[in-house]
Participant: 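Input: one structure, supplied below.
Order of the sequence lines sets the chain letters (A, B, ...), proteins ahead of strands, with each chain counted from 1.
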There are 2 protein chains.
Amino acid sequence: MTTKASNITAPTQFIAVKGERYAYRRFGAGPGLPLLCLQHFTGTLDNWDPAVTDPLAAGREVILFESAGVGRSSGVVPETIAGMTAHALAFLDGLGLKVCDVLGFSLGGMVAQQMVQDRPSVFRRMILVGTAPRGGEDIMHLEKPVLAKHLADPTLKGYKVLQKIFFAPTQTSQAAGAAFIERLMQRKQDREPVSGPEIAQAQMAAFREWDRFSAERFADLRNIKQPTLVVNGVHDEMIAVRNSYWLSENLPNAVLLTYPDSGHGSLFQFPESFTRQATAFLASGASSAAY
Amino acid sequence: MTTKASNITAPTQFIAVKGERYAYRRFGAGPGLPLLCLQHFTGTLDNWDPAVTDPLAAGREVILFESAGVGRSSGVVPETIAGMTAHALAFLDGLGLKVCDVLGFSLGGMVAQQMVQDRPSVFRRMILVGTAPRGGEDIMHLEKPVLAKHLADPTLKGYKVLQKIFFAPTQTSQAAGAAFIERLMQRKQDREPVSGPEIAQAQMAAFREWDRFSAERFADLRNIKQPTLVVNGVHDEMIAVRNSYWLSENLPNAVLLTYPDSGHGSLFQFPESFTRQATAFLASGASSAAY
């Protein structure tokens with residue numbers, strides 16, 4: 001008897017590499033390469049929406065990675081994207097994974113960009129959602145009134161704040177946000193501990209370091225040869241959509257897809273569309289990112 | 001015996017409406033609504049790439065429209081988008097078409113935007129490629145050196161100039177441009193006369209009028225409720241890609257898709273991808289543009 005591969009039920013696993021113990025989940029099967037999924041600011045394995053992971057797991061192994069210092073992974077949260085990248089690469093080494101695709105969301109999209117630059121031979125195709133290039137702008141400024149008002153609202157408990165800040169302030173987007181939160185709560189057992197302020201502070205330091213660039217802005221993106229799919233909601237207040245424009249204009253081989261009526265969590269607002277598009281993109285063996 | 005529906009072989013037809021005689025081609029069949037296709041600056045019916053029209057015609061009627069004063073259509077080229085819109089609406093009235101989808105490329109995309117505002121009930125879904133909203137910027141400034149050098153080059157005969165200005169200056173994009181030109185030449189008979197300078201001048205006046213806006217910039221886009229797919233090449237020198245960003249950010253219900261390594265003619269550079277995406281978009285009956 002087999003159970004449907006799902007982030008609702010996939011057991012959390014652990015792997016020891018170079019003195020750390022990383023938590024992860026690995027589920028699904030199919031003809032595709034394994035898809036490494038890199039998570040957002042303060043997100044744990046439990047923040048991956050099953051409506052996104054599970055359709056992708058129908059065609060490949062999905063590997064959700066918990067970076068150092070987050071959830072039940074050991075260690076300290078690095079204060080740079082480079083530090084997080086080193087952990088993610090150590091994790092791949094631990095798994096013995098020689099080639100894969102990668103999906104990075106928000107903070108995870110920055111780690112994905114750094115990974116493909118540090119180890120280009122490992123990665124075939126890349127999906128970057130709600131993220132920014134090094135040297136981007138309007139990246140995770142939680143002090144912005146439009147975000148701060150929700151973060152400071154004592155009536156918003158637990159995931160309710162995610163519904164506010166990941167989705168646009170329209171009825172339709174907020175309803176999609178409520179459905180997203182319900183899906184995150186479908187996993188009842190073997191959940192990760194929720195991230196505290198120390199994790200947030202270290203990751204925020206990494207965002208601020210990622211703001212800085214030297215020499216020619218965005219020139220580093222030209223070295224990324226992987227076909228890339230860039231995705232964003234047009235009303236993203238957490239990482240402004242113009243960062244996705246810069247990614248698609250400066251990566252040599254990137255298709256951009258933006259969604260209406262949506263913010264940072266566009267992939268969770270339109271999981272059917274997103275997984276259909278991502279599946280088509282990942283299924284392509286073309287040299288061009290166009291799919 | 002049936003012949004494959006194709007812009008290579010579809011006969012040019014004529015319809016008389018309100019004192020004008022419009023040239024058009026109508027071919028294809030299938031479950032989809034008819035797709036009205038509106039053409040670019042100086043383009044005739046012969047400028048529709050069969051690699052784009054024919055796959056679309058496999059699922060619906062494709063209707064290519066020649067506006068007044070272009071090709072073998074009678075009349076005078078209007079110097080405003082509103083004037084061209086009136087001709088296109090008269091044409092639809094002449095056909096007795098009560099509901100359809102619309103694909104507007106470049107100049108045609110501006111006419112499409114005006115049509116859906118003037119007659120919202122006729123149009124179900126809209127595809128806008130390489131175009132701009134009223135009040136956009138960097139729209140068809142052929143005096144820009146990057147364009148002018150090709151337009152003034154005496155060695156570029158006929159469609160060869162299109163290859164230069166519709167495609168990016170890379171080997172891959174130029175090769176795609178050469179293939180596009182070959183496809184345009186596959187139609188051997190019943191071709192339209194090539195547009196002369198009077199047509200160009202009148203259409204250019206319409207671009208300059210479209211630059212202007214009153215009151216709040218892009219506010220008119222909020223009245224367009226049709227699910228819309230916006231498409232552009234990221235290196236479009238004829239109508240800068242930021243115009244597509246403005247469209248997708250200000251239309252209430254638009255998905256944006258941009259292509260790498262491509263310019264104004266991105267749909268002709270990636271016809272397999274474009275027609276696959278357009279077909280999926282048009283096949284959707286969802287209220288959201290996400291597909």
Side-chain angles (χ1 to χ4, degrees), chain A residues 168 170-173 175-176 218 221-222 224-236 240-263 266-277 279-281 283-284 286-291, chain B residues 168 170-173 175-176 218 221-222 224-236 240-263 266-277 279-281 283-284 286-291:
Chain A
T170 62
Q171 189 276 329
T172 43
S173 189
F218 309 133
L221 296 178
R222 284 180 222 143
I224 297 179
K225 305 301 186 194
Q226 279 78 3
T228 301
L229 174 61
V230 179
V231 178
N232 217 143
V234 284
H235 304 302
D236 188 340
V241 67
R242 66 180 179 280
N243 292 290
S244 288
Y245 301 156
W246 284 323
L247 283 169
S248 56
E249 290 174 12
N250 291 283
L251 286 166
N253 195 6
V255 164
L256 171 66
L257 183 72
T258 73
Y259 284 113
D261 184 40
S262 57
S266 65
L267 75 173
F268 306 135
Q269 181 162 345
F270 301 106
E272 288 182 18
S273 171
F274 174 75
T275 56
R276 190 182 307 121
Q277 296 282 349
T279 297
F281 171 74
S284 171
S287 58
S288 171
Y291 64 97
Chain B
T170 62
Q171 188 276 330
T172 43
S173 189
F218 309 134
L221 296 178
R222 284 180 222 140
I224 298 180
K225 306 300 188 196
Q226 279 78 4
T228 301
L229 174 62
V230 179
V231 178
N232 217 142
V234 285
H235 306 300
D236 188 339
V241 67
R242 67 179 178 280
N243 292 289
S244 288
Y245 302 156
W246 284 322
L247 284 168
S248 55
E249 290 174 12
N250 291 283
L251 286 165
N253 195 7
V255 164
L256 170 67
L257 183 72
T258 74
Y259 284 113
D261 184 42
S262 57
S266 65
L267 75 173
F268 306 136
Q269 180 162 347
F270 300 108
E272 289 182 17
S273 171
F274 174 75
T275 55
R276 190 182 308 123
Q277 296 282 348
T279 297
F281 171 74
S284 171
S287 57
S288 172
Y291 64 97

Participant: Do you know which of B:S284, B:A289, B:S248, B:S273 has the most heavy-atom pairs with chain A at a distance under 4.5 angstrom?
Facilitator: B:S273

Participant: Between A:E249 and B:H235, what is the shortest heavy-atom contact and its length?
Facilitator: O-CE1, 3.6 Å

Participant: Just give me the residue among A:T258, A:N253, A:V234, A:L251 that pairs up with chain B most often, heavy atom to heavy atom, under 4.5 Å.
Facilitator: A:T258

Participant: Under 4.5 Å heavy-atom distance to chain A, tell me which part of B:Q269 shows up: side chain, backbone, both or neither.
Facilitator: neither

Participant: Which atoms of B:V230 come close to chain A, meaning under 4.5 Å heavy atom to heavy atom: side chain ones, backbone ones, both, or neither?
Facilitator: neither

Participant: Answer with side chain, backbone, both or neither: which region of A:A254 has an atom nearer than 4.5 Å to a non-hydrogen atom of chain B?
Facilitator: backbone

Participant: Can you tell me which portion of A:Q277 sits under 4.5 Å from chain B's heavy atoms? Options are side chain, backbone, both or neither.
Facilitator: side chain

Participant: May I ask you to name which of B:Y259, B:Y245, B:F274, B:Y291 has the most heavy-atom pairs under 4.5 Å with chain A?
Facilitator: B:Y245

Participant: Any chance you could lay out the side-chain contact (heavy atoms from CB on, under 4.5 Å) test for B:L257 and A:V255, step after step, and finish with the verdict?
Facilitator: CA-CA 7 Å; B:L257 183 72; A:V255 164; 3.6 Å; yes

Participant: B:S287 versus chain A, heavy atoms under 4.5 Å apart: side chain, backbone, both or neither?
Facilitator: neither

Participant: Taking all non-hydrogen atoms of both residues into account, name the closest pair between B:P260 and A:P252 and its distance.
Facilitator: CB-O, 3.9 Å

Participant: Please identify, among A:T170, A:V241, A:D261, A:L256, the residue contributing the most non-hydrogen atom pairs under 4.5 Å to chain B.
Facilitator: A:L256

Participant: Would you mind checking which part of A:F270 comes under 4.5 Å of any heavy atom in chain B, side chain (CB onward), backbone (N, CA, C, O), both or neither?
Facilitator: side chain

